[in-house]
Amino acid sequence: MQFALLALLIFSAGISSTAYSQKPPVEDQIAALESKWSGMFGERDLEGVMALMAKDSVLIMPGSKPIVGLEEIRNATKVMLESDDQVSWVSDFAFVSASGDMAYDYGTATTQNPDGSSVQGHYLVVWVKEDGKWKVAADMFN
């Protein structure tokens, strides 16, 4: 009887710490940030996109050497946002380090071209905690 009561208490504690938690798991927070970022990109919100970048971010695009630093990333992002292409993406998987200060996620990106055709690709983003907020340390896509 005592064992059954102890097992019930342990099981109940596990349920209350997860099912009734008000804060979503960090992996869900990362996926939500990706969704927000994709939306800002679609709205051509340069300042919103740049607010997600860490101080020492790097952007790795196809056919280009790595773009390092906020000013260079701003310039490259501005060019992308001025394109007639519509780009969106969705996180497929997120992982957070045990220390909780670094994460990565990857997912599927879609580019709608002005001629109506579309291209599917993938991305990988490394996130770091900077001043208590998740920021993009590295963004790579194909």
Side-chain angles (χ1 to χ4, degrees), residues 3-142:
F3 177 75
L5 182 58
L6 180 60
L8 180 61
L9 286 173
I10 291 171
F11 179 73
S12 297
I15 290 174
S16 66
S17 67
T18 57
Y20 299 107
S21 173
Q22 293 184 1
K23 192 171 184 181
V26 179
E27 292 84 358
D28 290 349
Q29 294 174 29
I30 297 296
L33 281 169
E34 284 290 357
S35 179
K36 179 179 177 182
W37 183 9
S38 177
M40 289 186 298
F41 202 89
E43 294 168 3
R44 316 270 195 230
D45 180 0
L46 179 61
E47 296 310 314
V49 169
M50 291 308 299
L52 290 174
M53 299 298 136
K55 295 173 189 160
D56 297 322
S57 279
V58 61
L59 171 61
I60 302 172
M61 301 188 310
S64 166
K65 65 181 185 173
I67 300 167
V68 181
L70 290 177
E71 194 57 38
E72 294 301 317
I73 291 173
R74 175 182 291 281
N75 293 338
T77 301
K78 186 174 186 288
V79 169
M80 287 186 282
L81 292 177
E82 291 172 349
S83 165
D84 289 334
D85 296 339
Q86 291 290 323
V87 180
S88 62
W89 57 92
V90 175
S91 180
D92 294 330
F93 177 82
F95 174 83
V96 179
S97 69
S99 62
D101 61 352
M102 182 175 272
Y104 71 85
D105 82 293
Y106 61 85
T108 306
T110 303
T111 302
Q112 293 288 339
N113 299 311
D115 66 4
S117 65
S118 66
V119 177
Q120 293 273 319
H122 301 280
Y123 75 85
L124 173 67
V125 173
V126 177
W127 297 85
V128 293
K129 277 279 182 100
E130 191 173 274
D131 301 323
K133 296 181 180 178
W134 286 109
K135 300 286 183 166
V136 175
D139 177 19
M140 181 170 59
F141 59 91
N142 66 9

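Just so it is clear, the structure is predicted and the values come from calculations on it, not from any experiment.
Counting heavy atoms from C-beta on, the side chains of S91 and Y123 come closer than 4.5 Å. Residues M50 and E71 form no side-chain contact, since every pair of their non-hydrogen atoms from C-beta on lies 4.5 Å or further apart. No side-chain heavy atom of F95 sits less than 4.5 Å from a side-chain heavy atom of E27. Residues M80 and V87 fail the side-chain proximity criterion, which asks for heavy atoms closer than 4.5 Å. Contact annotation: the side chain of K133 never approaches that of L33 to less than 4.5 Å [non-hydrogen atoms, C-beta and beyond]. Between I67 and I73 the shortest side-chain heavy-atom distance falls below 4.5 Å. Counting heavy atoms from C-beta on, the side chains of P114 and D85 come closer than 4.5 Å. Contact of the M40 side chain with the L52 side chain is registered, since non-hydrogen atoms from C-beta on lie closer than 4.5 Å.
W127 and W37 have perpendicular rings, their planes meeting at more than 60° on a 0 to 90° scale where under 30° would count as parallel.
Of the N and O atoms on the side chains of D139 and S57, not one donor lies less than 3.5 Å from an acceptor on the other residue.
Here the closest heavy-atom approach between residue S38 and residue S88 is recorded as OG-CA, 3.4 Å. Listed here is the closest heavy atom pair of G42 and Q86: O-OE1, 4.0 Å. Looking at every heavy atom in both residues, R74 comes nearest to E47 through NH1-OE2, 2.8 Å. The heavy-atom pair separating A54 from V128 by the smallest distance is CB-CG2, 4.1 Å. Minimum interatomic distance between L46 and K78 (heavy atoms only, all atoms of both residues): CD1-N, 4.1 Å. R44 and L81 get closest at one heavy-atom pair: CD-O, 2.8 Å.
The CG atom of L59 sits 11.0 Å away from the CE atom of M140 when rounded to the nearest 0.5 Å. In this structure, OG1 in T77 is found 11.0 Å from CD in E82, a value given to the nearest 0.5 Å.
Taking the six-membered ring wherever Trp is involved, the centroid distance between the rings of W89 and F141 does not fall below 6.0 Å.
Although no hydrogens or angles enter the test, the distance criterion places a donor-acceptor pair under 3.5 Å between the side chain of K135 and the main chain of A51. At least one donor-acceptor pair under 3.5 Å links the side chain of N142 to the backbone N or O of H122. Without hydrogens or angle criteria, S117 side chain to N113 main chain gives no donor-acceptor distance under 3.5 Å.
Taking a 6.0 Å sphere around CG of D56, one finds it holds 12 or fewer heavy atoms contributed by other residues, nucleotides or ligands.
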